[in-house]
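A short worksheet on the structure shown next.
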There are 2 protein chains.
Amino acid sequence: MSKPDISNAEFDVLDVLWERNPASASDVVQTLSSHKEWHEKTIKTLLSRLVKKGVIGFEKQQRQYLYYPLIAREDYTAQEAESFVGKLFKGKITPLVAGFATQKTLSKDDVNELKALIAQWEEDND
Amino acid sequence: MSKPDISNAEFDVLDVLWERNPASASDVVQTLSSHKEWHEKTIKTLLSRLVKKGVIGFEKQQRQYLYYPLIAREDYTAQEAESFVGKLFKGKITPLVAGFATQKTLSKDDVNELKALIAQWEEDND
DNA sequence: AAACATCGATTACAAGTGTAATCTTAAATG
DNA sequence: CATTTAAGATTACACTTGTAATCGATGTTT
C-alpha cells in the first residue's frame, strides 16, 4: 500500500479540506475561487480523483457529499519533506537551511524559532 | 524563460552529470547501473529530453556526445527548496526543521551544524 | 406536473512521464 | 570492402495530470 501520489492541483484541493473539514464540493469551489481560476468542473474532478486515490473520503448528505481528508496534513508533509530532503540534500536538512540562510529568506524570528527548536531538541535528547 | 520542469527520472540522470561532468551516455548508464534498473535506451531518452529542455548541453566527441549540465545544482536545489517550502510550509523552514526534530531524523551533528549556521547568520545580519 | 437547475459520474483530450523499441547512419571488425 | 555494432534520432505506448464538457439522476421552481 504505497502512498498515492498527490498531484499539485489535487494538493490545492486537499489543502482546503485540511482547513475546513468536512466540506461540500461547492464549499471547496468557493474557498478556492479567491485564489484560483479553476472551473467548478475541474475542482469536482480533482475531488473525485482524490477519493479514488483514497486520500479523502465523503459522506452523503442528501444529494451532496461532504468530503474530508483521510490523511493528516502533518503526516503528509512529514513524508514529503523526508523524500524531498532525501532526494535533493542526501537526507540532511542543514544544507537546506543553509540555502535559506544565504538566500536571505531567513528572518530574525525564524532564527529565534530555530534556536528554540534546538534548545528543545537538546533537552529531549540528552 | 520559465524554468523547465525536470521530472524525477530526468533528475536522476542530471544528478549523475552534476557529479561527473562531462560524461558520455554510456558513462551515465554505467554510473546509474549500480542503483537503477533502467535500460540503456531509457537513459538515452532521458538525456535527449534534458537536452531538449535546455537543462543540459553536449559536445560531439567523434561519434559520442559528451553531456554536461547547464544549470548548477545549487541553483536548482535553491529554487526547488523555495517552492517546496512555500507550498507545504507557507515559506517557513522552521516547521520543516521541527518535523525533522521530532521525527528523530536529526542527529547531534546536524544540530551542531545548525547552531553553526545560526551563529554565522547572526554574525552576518547584525 | 413540467421544466429547469444541480449533483456526482463518466468521458474527453492534449501534454508530460516512465519505459523502451525501432530506425538511420557511421564506425569498428573480420 | 562487407558486415556487424553501436550512437543518437525517431517512434511507441500506457498512465498521469490539467482542465474541463457531457450525461443521467434527483431536487427545485413555476
### Task
Name the closest nucleotide to the Gln64(A) side chain, picking from dT17(C), dC7(C), dA20(D).
dC7(C)
#### Entry: Base dT19(D) to side chain Lys41(A), donor-acceptor N/O within 3.5 Å cut-off
no
#### Entry: Phosphate contact (dT17(C) OP1 or OP2) by Ser7(B) side-chain N/O below 4.0 Å
no
### Phosphate-side-chain proximity, Lys53(B) and dA15(C), N/O vs OP1/OP2 below 4.0 Å
no
### Message
Tell me whether the side-chain N/O atoms of Tyr65(B) come closer than 4.0 Å to OP1 or OP2 in dA9(D).
### Response
yes
### Task
Spell out yes or no: do the side chain of Ser48(B) and the base of dA9(D) have one donor N/O and one acceptor N/O closer than 3.5 Å?
no
### Query
Taking atom CD of Gln30(A) as the centre, does the number of heavy atoms from other residues, nucleotides or ligands within less than 6.0 Å exceed 12?
no
### Message
Quiz question: by atom type and distance under 3.5 Å, do the side chains of Asp75(B) and Gln79(B) form a donor-acceptor pair?
### Response
no
### Query
Looking at the side chain of Leu46(A), which of dA20(C), dG18(D), dT26(D) is the nearest nucleotide?
dG18(D)
### Query
Separation of Leu47(A) atom CG from dC7(C) atom P, in whole Å?
12 Å
### Message
Whole angstroms only, please: what is the CD-C1' distance between Glu40(B) and dA6(D)?
### Response
8 Å
### Task
Would you please confirm or rule out a distance under 4.0 Å between OP1 or OP2 of dA20(D) and any side-chain N or O of Trp38(A)?
no
### Query
Considering only heavy atoms, which members of residues 79-89 of chain B lie under 4.0 Å from some atom of DNA chain D?
none
### Among dA12(C), dA20(D), dG18(C), the one nearest Arg49(A) by side-chain distance
dA12(C)
### Message
Tell me the interatomic distance from Glu10(A), atom CD, to dA20(D), atom P, rounded to whole angstroms.
### Response
15 Å
### Message
Under 4.0 Å, heavy atoms only, any strand: does Thr45(B) hit a base, just the sugar-phosphate, or nothing?
### Response
base
#### Entry: Between dA26(C) (P) and Gln61(B) (CD): distance, integer Å
18 Å
### Task
For the side chain of Tyr67(B), starting at C-beta, report the closest nucleotide among dC7(C), dG8(D), dT19(D).
dG8(D)
### Query
What integer distance in Å separates Lys44(B):NZ from dA7(D):C1'?
5 Å
### Message
If the test is side chain to side chain contact (heavy atoms under 4.5 Å, CB included), which one of Asp15(B), Asp5(B), Leu46(B) qualifies with Glu10(B)?
### Response
Leu46(B)
#### Entry: 5' precedence on DNA chain C between Phe58(A) and Arg63(A) (nearest-nucleotide basis)
Arg63(A)
### Task
Please report the C-alpha distance between Lys115(A) and Glu122(B) in whole Å, then the side-chain angles of each, then the deciding distance to 0.1 Å, and finally whether the salt bridge (Lys or Arg N to Asp or Glu O under 4.0 Å) criterion is met.
CA-CA 12 Å; Lys115(A) 282 170 143 178; Glu122(B) 290 184 322; 2.6 Å; yes
#### Entry: Rounded distance in Å - CD (Glu37(B)) to C1' (dA20(C))
15 Å
### Summary
Regarding the side chain of Asp5(A), the nearest nucleotide among dA9(D), dA21(C), dT17(D) is dT17(D)
### Query
Which one, dG8(C), dA7(D), dA21(D), comes nearest to the side chain of His39(A)?
dA21(D)
### Query
With side chains defined as the heavy atoms from C-beta onward, is the minimum distance between Phe58(B) and Val51(B) less than 4.5 Å?
yes
### Query
Considering heavy-atom distances to DNA chain D, does Gln62(A) or Thr42(A) have its closest nucleotide positioned more toward the 5' end?
Thr42(A)
### Query
Hey, is CD on Glu82(A) packed in by over 12 heavy atoms from elsewhere, all under 6.0 Å?
no
#### Entry: Whole angstrom value for the distance that separates C1' of dG18(C) from CD1 of Ile6(B)
16 Å
### Query
Passes side chain to side chain contact (heavy atoms under 4.5 Å, CB included), Tyr67(A) versus Leu47(A)? Steps please.
CA-CA 8 Å; Tyr67(A) 298 91; Leu47(A) 283 166; 3.9 Å; yes
### Query
Given side chains that start at C-beta, do those of Leu96(B) and Val97(A) come closer than 4.5 Å, heavy atoms only?
no
### Query
Atom CD1 of Ile43(B) and atom C1' of dA20(C): how far apart are they, to the nearest Å?
12 Å
